[in-house]
Number of protein chains: 2
Amino acid sequence: MTGLNERKQKILRAVVTDYIQTAEPVGSRTLSRHYQLALSAATIRNEMADLEELGFLKQPHTSAGRIPSQQGYRFYVDSLMDEAELTPQEKLYLEKFFTQLQKMREIDQIVQQVAKALSVLTRYTSLVLAPRLKQCAFAQMRLVPIDEKQALVVLITDTGYIRNKVIKMPRALSADELDSVVAYLNEELAGQTIAGLTAARMRKLRTDLYSRVDILHSLLAMLEECSSDEENRIFLGGTSNILDQPEFKDMEKVKHLLTLFEEGERLTFILETAPAGVTIRIGTENLLAEMHDCSLVTASYHLHGRPLGTIGVLGPTRMEYARVTTIIKEMTERLNTLISTL
Amino acid sequence: MTGLNERKQKILRAVVTDYIQTAEPVGSRTLSRHYQLALSAATIRNEMADLEELGFLKQPHTSAGRIPSQQGYRFYVDSLMDEAELTPQEKLYLEKFFTQLQKMREIDQIVQQVAKALSVLTRYTSLVLAPRLKQCAFAQMRLVPIDEKQALVVLITDTGYIRNKVIKMPRALSADELDSVVAYLNEELAGQTIAGLTAARMRKLRTDLYSRVDILHSLLAMLEECSSDEENRIFLGGTSNILDQPEFKDMEKVKHLLTLFEEGERLTFILETAPAGVTIRIGTENLLAEMHDCSLVTASYHLHGRPLGTIGVLGPTRMEYARVTTIIKEMTERLNTLISTL
DNA sequence: TTTAGCACTCGCCTTCCGAGAGTGCTAAAA
DNA sequence: TTTTAGCACTCTCGGAAGGCGAGTGCTAAA
């Protein structure tokens, strides 16, 4: 089915491994020297020529070594890659990190720290998506008056996520009035996802509360806003790490990537569309053109089996897939347990 | 006092102006051609030699044109620079931008948008510092219970800044108990700056509230935390813009800067130590080594005459000082009025 | 005091090897 | 039939050489 006999697979694995380490095209001599293939350079050359014809390898130019093609990486990731182990240092770092993290109570902060740690551990750029509010279920709403004109709305989801926003109050309302509106909303909306606030439901609320329609309006607008201004849900870490990669010595590419890093919505989109579980997107498998010579490893974190958000690592296609995958897996697992105790 | 006669000043201005535009060393011919100096190249050469000897210009190498030295820029900024006008496009952009901004109620969001706009307008990198909580005066504190174990503390400063944090409650407290603690704190702390919470005051609070010392402890810890975890007070915009500058074609420099951009505390420090009003720091006048071939233009924004935070623009020393200064001035002015209506 | 003229300097660009690494092919060995 | 050794060939990379051009400093004339 794969179309590659064992020897070809061994050679392909060796090429990928070597190229990931050195970033230099790999020649037949190097392979026969440094990897236990028990084959002469000439034999390897033949096999490599085959692998090239099959589309797994490519040559930057005639008479250079081979480098893996996108298809080559894909095959490597799917079939050849060994499981990596965390190094003792990495374990230690994670241990310390999550001990530190225990003190934090707010998910956004936690998630930001995770981005940082992820970039430190992987030495690539990390992208982390905080929980998307609109997919969470409404648990309760509180209203804290600040002065006559303003109030703080506190929105609590069933996932324990807390979001708040200041709203302007259209007119001075008595505490009783406010309380009744809030109580009503709490009752009506409990258990609903925020995305599920349909127009019909809204209309019902409006008619039910016609006497306080103005304050209701403010509150609903606030909900609306909460679910829309979600660009800031993304956190990056180690953006400067891309400069360490020789494939990004070209300023143009770097520029494109850095510009992309400033575009929260597009990044959010990329992470949102990632399926649950660990996923690896290589090169043009990524939807954004800027990432066409990058690879992105993502995983989603959960609470009570519900996916909350996504964490990801972005590097060159020549990424240390095994190491990154292991780190990401470990990180999501620990993050999951951390969140559930929150 | 200045030691430069009018003609030298004119020439220096011309050199700076030209170099800012072209990023190329400026020759005597160019000056006599394109600037109305009514002098021949030879004369200009003599003057330029003088200016070099005086330290205002320097040559990248013999037989190249001159470029301004740091001292040259300093003199230009202090004495030679013309006031720039906003272009109609810039005015339009600002107008639209601040109309948009009116809708926002939270200072952090506003400030983040300001960073973005500032980088778009200047085409440099912008740094914006949100209000520092600890210098604000305590206005009131609210406590919103979430469940038995957690509560949301809402802290409101006299500048209208709202900050909130979830705290773990050491034990279940009745609503009355909570209210009394909060009421007490509100009374005791009203009008105090948060930085001014001295150990002595703390002790007094402790003894006064010995019966509820545990919840008090949580609240104070939260205050403490609020004033310490202020790394996130800084917002950047247009970080990728530095790549457009020819002086940063060198990867090393870029790397250093990008790394710096990830170090919130150090950036915060830089902006915090900037004096009120518009300030220009050129090259090594900047405290951070990474910024030694950059210039930073900063200004502080205010509420009721009290400085809240700082906005800044970071570019190469070959920065368009006049344009940036004008934009920053305009931006702070508008930001000030926006905040005061908030 | 200013300007024109001129010789000189020096970085940049292009061109031009030579070295080195790696290949494909062929023919011999297993 | 498969593997290996040998060899000619290809192509990139790095350094050297040399011409070009922009700009200078100096001198002498205006």
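In this text the structure is predicted, and so the values were computed from the model without any measurement. All chains are named by letter (A, B, ...) in the order of the sequence lines, taking the proteins before the strands, and each is independently numbered beginning at 1.
- Side chain of S126(A) to backbone of G312(A): no donor-acceptor contact under 3.5 angstrom is found.
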If a protein heavy atom is under 4.0 Å from the base, mark B; if only from the sugar-phosphate, S; if neither, -; do that for nucleotides 22-29 of chain C going 5' to 3'. BBB-----

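- Taking the side chain of T43(A) as heavy atoms from C-beta on, and the options dT4(D), dG11(C), dC11(D), the nearest nucleotide is dT4(D).
- Panel note: side chain R323(A), backbone T122(A); a donor-acceptor pair is recorded below 3.5 Å.
- One can place CD of E47(B) at 11 Å from P of dT1(C), the figure rounded to the nearest angstrom.
- For V26(A) against V15(A), the heavy-atom pair with the smallest separation is CG2-O, 3.8 Å.
- Side-chain atoms of E85(B) and T326(B) form no donor-acceptor pair, as typed in the model, at a separation below 3.5 Å.
- Applying the side chain to side chain contact (heavy atoms under 4.5 Å, CB included) test to T22(A) and every residue at least two apart in sequence or in another chain returns D18(A), E24(A).
- No side-chain donor from either of T310(B) and E272(B) sits under 3.5 Å from a side-chain acceptor of the other.
- When atom types are taken as modelled, the side chain of S119(B) and the backbone of K116(B) share a donor-acceptor pair closer than 3.5 angstrom.
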Do nucleotides 15-20 of chain D as a string where each nucleotide becomes B, S or -: B if the base has a protein heavy atom under 4.0 Å, S if just the sugar-phosphate does, - if no protein is that close. ------

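- Checked by atom type and distance alone, the side chain of E52(A) never pairs as donor or acceptor with a backbone atom of K58(A) at under 3.5 Å.
- A donor-acceptor contact closer than 3.5 angstrom is absent between the side chains of S295(B) and Y73(B).
- The side-chain hydrogen bond (donor to acceptor under 3.5 Å, both in side chains) search around T279(B) returns none, not counting sequence neighbours.
- The CG atom of N5(B) sits 10 Å away from the P atom of dT2(C) (whole-angstrom rounding).
- If you check the side chains of T239(A) and E262(B), you find a donor sitting under 3.5 Å from an acceptor.
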Both atom distances under 3.5 Å, Watson-Crick or G-U wobble: I'd like the secondary structure of DNA chain D as a dot-bracket string, with | for pairs made across strands. ||||||||||||||||||||||||||||||

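- Formation of a donor-acceptor pair under 3.5 Å by the T43(A) side chain with backbone atoms of L39(A) is not found in this model.
- Near-neighbour residues of DNA chain D inside residues 33-41 of chain B, defined by a heavy atom below 4.0 Å, are absent.
- The pair R123(B)-D244(B) does not count as a salt bridge, with every side-chain nitrogen at least 4.0 angstrom from each carboxylate oxygen.
- With rounding to whole Å, I44(B) atom CD1 is found 17 Å from dT1(C) atom P.
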